[in-house]
J.: 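Sharing a structure below in structure tokens format, with a few things to ask.
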There are 2 protein chains.
Amino acid sequence: MKPTKRKNMQPEARRAQLLGCAQMLFFSKGFEDTTVQDVLDLAGVSKGGFYHHFKSKDELLFGVLDGMAEGVFSHMSVVASDETSPAIDLLHSFLHLRANYLREHEYSGQVEFFRVMNQEKNIILHERFKRRVCEDAMPILTKIIKKGCDEGSFTVTDAETAAELILFVSGFLDFALLRAIDARGTDTADHAAQKLQAAIDMQFLTVDRILGLPDGTTDFGWPEAVDVTMATVPPILPSAK
Amino acid sequence: MKPTKRKNMQPEARRAQLLGCAQMLFFSKGFEDTTVQDVLDLAGVSKGGFYHHFKSKDELLFGVLDGMAEGVFSHMSVVASDETSPAIDLLHSFLHLRANYLREHEYSGQVEFFRVMNQEKNIILHERFKRRVCEDAMPILTKIIKKGCDEGSFTVTDAETAAELILFVSGFLDFALLRAIDARGTDTADHAAQKLQAAIDMQFLTVDRILGLPDGTTDFGWPEAVDVTMATVPPILPSAK
DNA sequence: CCTTGCAAACCGACCGGCGGTCTGCAATTA
DNA sequence: TAATTGCAGACCGCCGGTCGGTTTGCAAGG
């Protein structure tokens, strides 16, 4: 048995390749259920090669997270750099980022993303991702809120805490969204859609009230989001193990 | 080498013993870092003995969670069974459960509990515990909110969603509490205490507003909680690994 | 243009330890 | 005594991670 043919690559290229493979596997099988060997096989690299570039499986996860966070952050930074618009507009832009992101990319892929992220086995992946995004978003949202307070349109005692709470509350939607996605095609679909709409309404109402804005000021920015979500054909994949 | 002296016990007693040992270890070392062998050593039982009572390590975790949830739930059920008091009083009782629980039990132990629960390595334990408590609390809080709507004191479109959101928002306090605890004794303690107070205020303000109550209706039910928290001598344990 | 030298990329056998299984025995009960 | 049940501990497969050695690409010297 002669040794496997070998292909040296630039470190960055290898790293990127491994991160790509890892991301695919993490999203499909989950972090814990993905073996380092799985990544190795998919990338066609040996264990030694892998550990030359990453010092642990955890570092691989953080690498993947960094990549995703960067994507999210690039969208946010556009909002952050706008100094002229009134705070209320910036807030709208900020809150609509997610909806815009979902619409821009093909939505069905994002649905899969949510489903996988919210599985029991992916708690770690999900939690770390949320934390990462929250950390990145905090300063930007804080800045917006402070601006709003200065302009007199927001009424908030502690901008930082308010920002934190709003970001925290954003997680509420994920939860409802997941259940709605899981209910698609079943006989509870209608009920789930109503619950999703209620969650969306209540979340944004809460944001309004946290900031001392009139009810109905903020919204998801994508009125037909629920219909679109529920309409998407459910890709029934019986959990490949 | 003669076999280890052996002590048969009643199944329930063994189970309880193993659960007790597991709980101790999970809270000190975290779920993932606790080996089944660790539990065996502490309980003085063999692997075969263990797997005679539990079919997996996960079942052990759920067992521990059940025990804790039962403790929490027993407090809640008292509130739930009260049919006569007005909803606003029930809401107060419900929201004060946590504060009461902290005060009744020696507080320093609870501090440790929070610290451990919120460590990176305990994400799974924490998340599952929150989910469990939330599931148990949902119907009770929903019932209270519906009662409040019937009485005309609450203004809420969807009681279930409101209950879910309130329970969700309750998690915000954990986060702030943890940081305050970690800051005790350091030079950022004052700032952390202020932030904790701000988080508490904002959380309950948010609850008021979700339910359509006048600002300041709900509170933590333990005004000096922040002072007590910050005053407790920090038990500096340099993270036994 | 061909050595030669060397650092970096890579291989894969190997390790300790994990969760979990299994066979058999000892304690208990009938 | 026979049957049941609580339990011991050797064992298994697998996983994350290590390590000594090999290959590759490239630049300097002839």
Side-chain angles (χ1 to χ4, degrees), chain A residues 1-22 25-26 28-64 120-125 128 240-241, chain B residues 1-22 25-26 28-64 120-125 128 240-241:
Chain A
M1 192 67 175
K2 67 177 176 183
T4 308
K5 200 62 189 174
R6 171 169 177 178
K7 243 174 52 177
N8 281 19
M9 291 175 64
Q10 296 297 326
E12 287 176 29
R14 253 291 182 254
R15 229 186 120 85
Q17 183 209 11
L18 287 166
L19 284 172
C21 294
L25 290 166
F26 288 172
S28 57
K29 299 176 58 173
F31 174 66
E32 305 231 65
D33 286 355
T34 299
T35 305
V36 173
Q37 192 63 47
D38 290 338
V39 182
L40 269 34
D41 293 343
L42 188 61
V45 87
S46 74
K47 216 147 197 190
F50 171 82
Y51 278 98
H52 179 73
H53 295 286
F54 296 91
K55 69 183 233 283
S56 72
K57 190 189 174 189
D58 251 50
E59 191 182 300
L60 189 64
L61 174 58
F62 281 115
V64 170
E120 261 281 301
K121 64 187 180 191
N122 279 359
I123 291 178
I124 298 176
L125 184 62
R128 289 201 180 163
K241 165 65 183 182
Chain B
M1 190 69 172
K2 68 175 174 184
T4 308
K5 198 62 186 175
R6 166 170 183 181
K7 245 176 45 178
N8 281 20
M9 292 174 65
Q10 296 298 325
E12 286 176 30
R14 249 300 178 246
R15 226 186 122 85
Q17 183 207 13
L18 288 166
L19 283 172
C21 294
L25 289 167
F26 288 171
S28 57
K29 299 177 59 173
F31 174 67
E32 304 232 62
D33 287 354
T34 299
T35 303
V36 173
Q37 193 62 49
D38 291 337
V39 181
L40 304 184
D41 294 344
L42 187 61
V45 88
S46 74
K47 219 151 197 189
F50 172 81
Y51 278 97
H52 179 73
H53 296 284
F54 295 90
K55 67 183 234 283
S56 71
K57 190 190 175 189
D58 250 51
E59 191 182 299
L60 189 64
L61 174 57
F62 282 114
V64 171
E120 261 281 302
K121 65 187 179 191
N122 280 359
I123 291 178
I124 297 176
L125 185 62
R128 288 201 180 165
K241 165 69 183 182

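In the text below, chain A, chain B and the rest are named by the order of the sequence lines, each starting its count at 1.
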J.: Going through the checks in order, is the side-chain contact (heavy atoms from CB on, under 4.5 Å) test met by E12(B) and R15(B)?
T.: CA-CA 5 Å; E12(B) 286 176 30; R15(B) 226 186 122 85; 5.6 Å; no
J.: In whole angstroms, how far is the C1' atom of dC14(D) from the CG atom of L40(A)?
T.: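 From L40(A) CG to dC14(D) C1': 15 Å.
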J.: Write down the atom of A22(B), the atom of V64(B), and the distance for their closest heavy-atom approach.
T.: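 That would be CB-CG2, 4.1 Å.
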J.: Going by atom type alone, with no hydrogens or angles, which donor-acceptor pairs under 3.5 Å involve a side-chain atom of residues 47-56 of chain A and a protein atom two or more places apart or on another chain?
T.:
| from | atom 1 | to | atom 2 | distance (Å) |
| --- | --- | --- | --- | --- |
| S56(A) | OG | D58(A) | N | 3.3 |
| S56(A) | OG | E59(A) | N | 3.1 |

J.: Report the distance from atom CG of D41(A) to atom C1' of dC14(D), rounded to the nearest whole Å.
T.: 14 Å
J.: Could you check which residues of residues 53-64 of chain A get a heavy atom under 4.0 Å from DNA chain D? Sort them by number, please.
T.: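 Heavy-atom contacts with DNA chain D come from S56(A), K57(A).
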J.: Report all side-chain donor-acceptor pairs from residues 36-44 of chain B shorter than 3.5 Å, counting only partners two or more places apart or in another chain.
T.:
| from | atom 1 | to | atom 2 | distance (Å) |
| --- | --- | --- | --- | --- |
| Q37(B) | NE2 | D41(B) | OD1 | 3.1 |
| D38(B) | OD2 | K29(B) | NZ | 2.8 |
| D38(B) | OD2 | T35(B) | N | 2.9 |

J.: For Q17(B) and dC7(D), give me the distance from atom CD to atom P, rounded to whole Å.
T.: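 Q17(B) atom CD is separated from dC7(D) atom P by 9 Å.
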J.: Nearest-Å distance, CD (E32(B)) to P (dG17(C))?
T.: 18 Å
J.: Identify the two heavy atoms, one from L18(B) and one from V45(B), that lie closest to each other, and give their separation to 0.1 Å.
T.: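 So the two residues come closest at CD2-CG1, 3.9 Å.
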J.: Measure from CD on Q37(B) to P on dG9(D) and round the result to the nearest Å.
T.: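 Between P of dG9(D) and CD of Q37(B): 11 Å.
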J.: On DNA chain D, check which nucleotide each of G48(A) and F31(A) is closest to and give me the residue with the more 5' one.
T.: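 The 5'-side residue here is F31(A).
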J.: If only side-chain N and O atoms of Y51(B) are considered, is one of them under 4.0 Å from the OP1 or OP2 phosphate oxygen of dG20(C)?
T.: yes
J.: In whole angstrom, what separates D38(A)'s CG from dG16(D)'s C1'?
T.: 12 Å
J.: Identify the heavy atoms of N122(B) and G30(B) that sit nearest to each other, and give their distance.
T.: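 Result for this residue pair: OD1-CA, 2.7 Å.
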J.: Between H52(A) and dA9(C), is there a contact of a side-chain N or O with OP1 or OP2 at under 4.0 Å?
T.: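 For H52(A), the contact criterion (side-chain N or O under 4.0 Å from OP1 or OP2 of dA9(C)) is met.
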J.: Measuring from the side chain of V45(B) (C-beta onward, heavy atoms only), which nucleotide among dA9(C), dA8(D), dG17(D) has the closest atom?
T.: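 From the listed options, dA8(D) comes nearest.
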J.: Would you compute the distance between atom CD1 of I124(B) and atom CD1 of I123(A) and round it to the nearest 0.5 angstrom?
T.: 6.0 Å
J.: Let me confirm one number: the CZ-CG distance from F31(A) to L61(A), rounded to the nearest 0.5 Å.
T.: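 One finds 4.5 Å between CZ of F31(A) and CG of L61(A).
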J.: Dump the pairs, protein N or O against N or O of nucleotides 28-30 of chain C, anything under 3.5 Å, distances to one decimal.
T.:
none

J.: For K47(A) and T35(B), find the nucleotide of DNA chain C closest to each by heavy atoms; which residue's nucleotide sits nearer the 5' end?
T.: K47(A)
J.: Starting at NZ of K57(A), measure out to CD of E32(A) and round the result to the nearest 0.5 Å.
T.: 6.5 Å
J.: Looking at R14(A), I'd like to know whether one of its side-chain N or O atoms comes within less than 4.0 Å of OP1 or OP2 on dA9(C).
T.: no
J.: Please tell me which of the listed nucleotides, dG19(C), dC7(D), dC10(C), lies nearest to the side chain of M9(B)?
T.: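 Selected nucleotide (nearest to the side chain): dC7(D).
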